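Nothing here was measured: the structure is a model prediction, and the numbers come from that model. What's counted below: heavy atoms across the whole structure, side chains too, no hydrogens, waters or symmetry copies. Along the sequence shown, the residues carry numbers beginning at 1.
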Amino acid sequence: MGPQDRISQLHSFLREVKHRPFEWGIWDCLIFTNEAYRRMDGEGWADDLLTRYTQGNKLLTRAQIRFEYGYQTVDDMLLDRMQRAYDVPPRGALVTSSESSLRADYLGVGFGISVGSSAAFLSQQGVVYYPIEYIDSAWVKE
């Protein structure tokens, strides 16, 4: 799939889920961004992580997550999987933000997807878009 097709798939996905609200373990920022990557690339960026941060309907604690995944920080985990994108994040890049309205206090950051001069994140109302200035880091598959 070419770059234009990839971005077209991303925009179709974002339209499809625009009203689907955030819900831990069901439709949270990890699941949302992983599915965006699946639509763009045919596989998610975190397929192996999806079922490991919950036990039944209960979220693991931060300490339990560190033990389960073997990483001390979210950045450590991302560095092991992707390459940091400096400068302006390219469309389709995974992004993180510690902005209080976007972050999951559970992890200290929220995950989103760059769509150009803004990024798509999840909220209780569904997909929301924030300016690129709200992004702390951006990541692309190597």
Side-chain angles (χ1 to χ4, degrees), residues 1-55 58-142:
M1 183 180 311
Q4 287 302 105
D5 294 330
R6 185 175 187 269
I7 299 310
S8 176
Q9 289 296 320
L10 173 62
H11 287 293
S12 292
F13 167 72
L14 293 172
R15 281 191 302 275
E16 178 185 323
V17 301
K18 69 181 175 182
H19 297 296
R20 189 171 178 188
F22 183 101
E23 186 176 356
W24 275 117
I26 306 293
W27 189 244
D28 54 39
C29 58
L30 179 64
I31 297 167
F32 165 70
T33 57
N34 192 69
E35 184 60 24
Y37 263 81
R38 179 178 312 292
R39 300 288 181 94
M40 290 186 293
D41 300 333
E43 64 181 13
W45 72 271
D47 289 338
D48 61 320
L49 304 178
L50 293 181
T51 60
R52 296 170 50 197
Y53 62 100
T54 60
Q55 290 177 342
K58 185 178 173 187
L59 292 171
L60 299 178
T61 65
R62 279 189 185 191
Q64 289 170 319
I65 284 181
R66 284 186 192 101
F67 179 78
E68 174 66 26
Y69 292 109
Y71 299 107
Q72 289 300 307
T73 67
V74 171
D75 275 3
D76 290 344
M77 185 249 325
L78 291 170
L79 279 168
D80 195 37
R81 299 167 171 273
M82 304 177 104
Q83 180 178 349
R84 189 180 293 268
Y86 294 97
D87 300 322
V88 176
R91 284 182 172 83
L94 178 71
V95 297
T96 63
S97 177
S98 59
E99 172 65 29
S100 61
S101 60
L102 296 175
R103 78 168 183 253
D105 285 329
Y106 180 65
L107 293 175
V109 297
F111 295 111
I113 299 288
S114 172
V115 292
S117 62
S118 64
F121 291 88
L122 278 183
S123 74
Q124 294 303 319
Q125 293 74 42
V127 177
V128 293
Y129 296 87
Y130 279 84
I132 215 76
E133 292 81 17
Y134 284 73
I135 292 169
D136 296 328
S137 65
W139 306 85
V140 293
K141 283 193 171 184
E142 297 182 47

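At distances below 3.5 Å, at least one donor-acceptor pair connects side-chain atoms of S114 with backbone N or O atoms of P90. At distances below 3.5 Å, not a single donor-acceptor pair connects side-chain atoms of R39 with backbone N or O atoms of L10. Checked by atom type and distance alone, the side chain of D80 never pairs as donor or acceptor with a backbone atom of M77 at under 3.5 Å. With hydrogens and angles ignored, the 3.5 Å screen pairs a side-chain donor or acceptor of S12 with a backbone N or O of S8.
Other residues, nucleotides and ligands place no more than 12 heavy atoms under 6.0 Å from the CZ atom of F67.
For S137 against D75, the heavy-atom pair with the smallest separation is OG-OD1, 4.2 Å. Nearest heavy atoms, N34 versus A46: OD1-N, 2.5 Å. Contact between P21 and Q124 at its shortest, heavy atoms only, is CB-O, 2.9 Å. Heavy atoms only, all atoms of each residue included: S97 and Y134 are closest at OG-O, 2.6 Å. Nearest approach of A119 to V95, heavy atoms of both residues: CB-CG2, 3.9 Å. Here the shortest heavy-atom pairing between V115 and R91 reads O-NE, 3.5 Å.
The closest side-chain heavy-atom distance from L122 to V128 is not below 4.5 Å. For the pair F13/F32, a side-chain contact is recorded, criterion being any heavy-atom separation below 4.5 Å from C-beta on. With a 4.5 Å cut-off on side-chain heavy atoms, I26 and I31 do not count as touching.
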Discussion item. Could you go through L94 and R81, starting from their C-alpha distance and side-chain angles, then the distance that decides it, and tell me whether this counts as side chain to side chain contact (heavy atoms under 4.5 Å, CB included)?
Written reply: CA-CA 11 Å; L94 178 71; R81 299 167 171 273; over 6 Å; no
Fill in: Derivation of the side chain to side chain contact (heavy atoms under 4.5 Å, CB included) call for Y37 and I113
CA-CA 9 Å; Y37 263 81; I113 299 288; 3.9 Å; yes
Discussion item. Could you walk me through whether W24 and F22 satisfy the side chain to side chain contact (heavy atoms under 4.5 Å, CB included) test, starting with their C-alpha distance in whole Å, then the side-chain angles of each, then the deciding distance to 0.1 Å, before giving a yes or no?
Written reply: CA-CA 7 Å; W24 275 117; F22 183 101; 3.8 Å; yes
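E43 contributes atom CD, which lies 8.5 Å from atom CZ of R38 (distance to the nearest 0.5 angstrom). Between I135 atom CD1 and E99 atom CD the span is 11.5 Å, to the nearest 0.5 Å. From H11, atom NE2 reaches atom CE of M40 across 10.0 Å, with rounding to the nearest 0.5 Å.
A salt bridge does not link E35 with R20: every distance from a Lys NZ or Arg NE/NH1/NH2 to an Asp or Glu carboxylate oxygen is 4.0 Å or more.
Evaluated for a ring-ring contact (aromatic ring centres under 6.0 Å, His included) with F111, the options F121, W139, W45 yield exactly one hit, W45.
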